[in-house]
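Step one of this worksheet: look at the structure below.
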Amino acid sequence: MTDKNDKGPSQHHASLVTHGGRDPFAAHGFVNTPVYRGSTVLFPSYEKLIAYDQRYTYGRNTTPTTDALCEAIRLLEGGEFTVLATSGLHAVSTAILSFVEAGDEILMTDSVYYPTRRFCDQVLSRIGVKTVYYDPLVGGGIADLITDKTRLVFTECPGSQSFEMQDIPAITAAAHARDVWVLLDNTWATPIYFRAFEHGVDVSIQSATKYIVGHADALLGSITSNARAAEKIKRTSIALGNATGSEETFLGLRGLRTLEVRLRRHYQSGLEIARWLDERAEVAEVLHPALPDARGHDIWKRDFLGATGLFSILLKPVSNEALAAMLDHLKYFGMGYSWGGYESLIVPFDCRSYRTATTWNPEGPALRLHIGLEHVEDLKSDLAAGFERMSAA
Ligand SMILES: *Cc1c(COP(=O)(O)O)cnc(C)c1O
């Protein structure tokens, strides 16, 4: 497909996202990969049909468009194999199902994205796979939780609401010593800011809906694995009937091309606003791992190459009315789920009802912010006006 040889191998993320998976001269010189739509793929002869002997066989399996995005993500992740999924959650469920069978146990971080937890509790439980939740800060102590039934350790770093930083190298070392797979939901950092495979992870999952698509206009996921895990994931993904839409795949390719430059701005503006919030009297704590005093900063500094635009704050106790007064009428920050698009978002969250291995008990409300690509001064003014409404309420 992509002939990288004539440009030489590139290690720079900015060049990988702009060139990965593209082969203009396979499409008459047009810069972007064409959008192939289709179910049926014709075979030229009886012999080829019976042998299933050609690159493309059926639209559900692969198309040149899905291949282009898989190859671009694979190169960026530095993995051996990438498959797409119709959403981030679909990538998570497919990845987990690739490794487990009835009677197995999995170790799941207690800080995990809530719908991942719901998949474990509602689906894995029905097929005889037990989920054991663990403290995200367990580090090498994960060894004590591994039993003969443990098939995989699922990590998410940082937790996408509460921002616990997991010691991924310590977890992978302990897990691999017992022949246990390590999966990572790497959506927050993306492969640009966390090199999953260099830290020993077997499978790196992206909700591409977030920063890869980057414009809040499509749902998409990816699973990238090392060579050891590739066959299991490939077989499971095909058997489950995964097929990403051609339009979504195109939007993933479109978004990916600007990922590196967008992330720089999310990182810079996010950190600036986190620092500014840290000085505000209304804020009890800022949960942003790149702040020197933040919990988990040492791990972030050791293992991560940057931070993105998502972080949380804990407010000092205020009434619901005061909180509503702040959140209602924000000009730039929208209230809504998901993140990773060009626009800023803010949502309250409360993990109390579903944590089982750890407790979540801040004194005041918790807010998660996604810092978009707007001018940072406009975002500060917007939040400052919100705090004024909060105090006045
Ligand atoms: C959003 C999200 C997902 C799920 O992605 P969808 O594309 O919305 O299904 C998975 N993990 C994390 C950390 C997320 O933020």
Side-chain angles (χ1 to χ4, degrees), residues 69 73 77 82-97 106 108-123 131 133 136 154-166 168 183-194 196 201 203-224 237 240 242-245 247-249 251-252 255-256 259 263 266 270 287-289 296 304 307-312 334-341 343-347 349 351 354 366-372:
L69 183 55
I73 293 176
E77 291 262 20
T82 297
V83 70
L84 301 178
T86 56
S87 67
L89 184 57
H90 184 202
V92 165
S93 59
T94 301
I96 294 175
L97 286 172
I106 69 167
M108 174 60 67
T109 177
D110 206 29
S111 55
V112 78
Y113 176 65
Y114 177 74
T116 297
R117 176 183 285 267
R118 190 179 54 199
F119 166 74
C120 296
D121 295 348
Q122 295 187 4
V123 179
T131 304
Y133 291 95
F154 195 100
T155 59
E156 180 181 312
C157 186
S160 63
Q161 286 184 321
S162 42
F163 287 86
E164 293 89 344
M165 293 297 294
Q166 297 201 261
I168 302 291
L183 279 58
L184 169 68
D185 183 333
N186 195 21
T187 302
W188 181 81
T190 85
I192 293 185
Y193 292 150
F194 185 73
V201 167
V203 179
S204 172
I205 295 160
Q206 294 288 323
S207 166
T209 305
K210 309 293 162 55
Y211 285 119
I212 292 178
V213 165
H215 295 70
D217 52 7
L219 288 151
L220 207 59
S222 70
I223 308 169
T224 303
S237 171
L240 287 173
N242 170 52
T244 55
E247 171 137 343
E248 281 69 19
T249 309
L251 290 170
L256 185 77
L259 178 65
L263 283 189
H266 287 295
L287 308 177
H288 188 307
F304 284 64
T308 51
L310 192 78
F311 63 94
S312 293
M335 276 188 284
Y337 295 98
S338 201
W339 45 278
E343 83 290 11
S344 290
L345 296 168
I346 190 164
V347 281
F349 69 93
C351 318
Y354 45 83
L367 298 175
R368 189 181 72 180
L369 291 86
H370 179 253
I371 305 304

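Whatever order the structure lists them in is the order used to number ligands and atoms, beginning at 1.
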closest protein heavy atom to atom 9 (O) of ligand 1 is L89 N, 2.9 Å

Between W188 and F163, what is the ring plane arrangement, given parallel below 30°, perpendicular above 60°, and tilted in between? perpendicular

Heavy-atom nearest neighbour in the protein, as seen from atom 14 (C) of ligand 1, with distance rounded to 0.1 Å: K210 NZ, 2.8 Å

Starting from atom 5 (O) of ligand 1, which protein heavy atom do you reach first, and at what distance in Å? S207 OG, 2.8 Å

Among all protein heavy atoms, pick out the one at the shortest distance from atom 4 (C) of ligand 1; state its residue, atom name and that distance to 0.1 Å. Y113 CE2, 3.4 Å

Counting non-hydrogen protein atoms only, what is the nearest one to atom 6 (P) of ligand 1? Give residue, atom name and distance. G88 N, 3.3 Å

According to the interplanar angle, ranging from 0 to 90°, do the rings of Y211 and W339 count as parallel (below 30°), tilted (30 to 60°) or perpendicular (above 60°)? perpendicular

Could you check if a side-chain atom of R117 sits within less than 4.5 angstrom of a side-chain atom of Y133, using non-hydrogen atoms only? yes

Which is closest to atom 12 (C) of ligand 1 in terms of heavy atoms, L310, D185, T209, I205? D185

Reference residue Y114; test ring-ring contact (aromatic ring centres under 6.0 Å, His included); the match among Y354, F349, F119, Y337: Y354

Have T249 and T244 got a donor and an acceptor in their side chains that come within less than 3.5 Å? yes

Should you measure from each heavy atom of E156, which atoms of ligand 1 turn up under 4.0 Å away? 13 (C)

W188 contact mode with ligand 1 (heavy-atom cut-off under 4.0 Å): neither

When you look for heavy atoms under 4.0 Å from ligand 1, do you find them on the side chain of L219, its backbone, both, or neither? side chain

Numbered atoms of ligand 1 (with element) below 4.0 Å of W339, judged on heavy atoms: 15 (O)

Which of the atoms of ligand 1 are close to S160, meaning less than 4.0 Å from one of its heavy atoms? 13 (C)

How about T190 and H266: do any of their side-chain heavy atoms sit closer than 4.5 Å? no

With a 4.5 Å heavy-atom cut-off, do L251 and L220 have their side chains touching? no

Is there a donor in the side chain of Q166 and an acceptor in the side chain of T155, or the other way round, less than 3.5 Å apart? no

With heavy atoms and a 4.0 Å threshold, my read on which part of S87 contacts ligand 1 is both

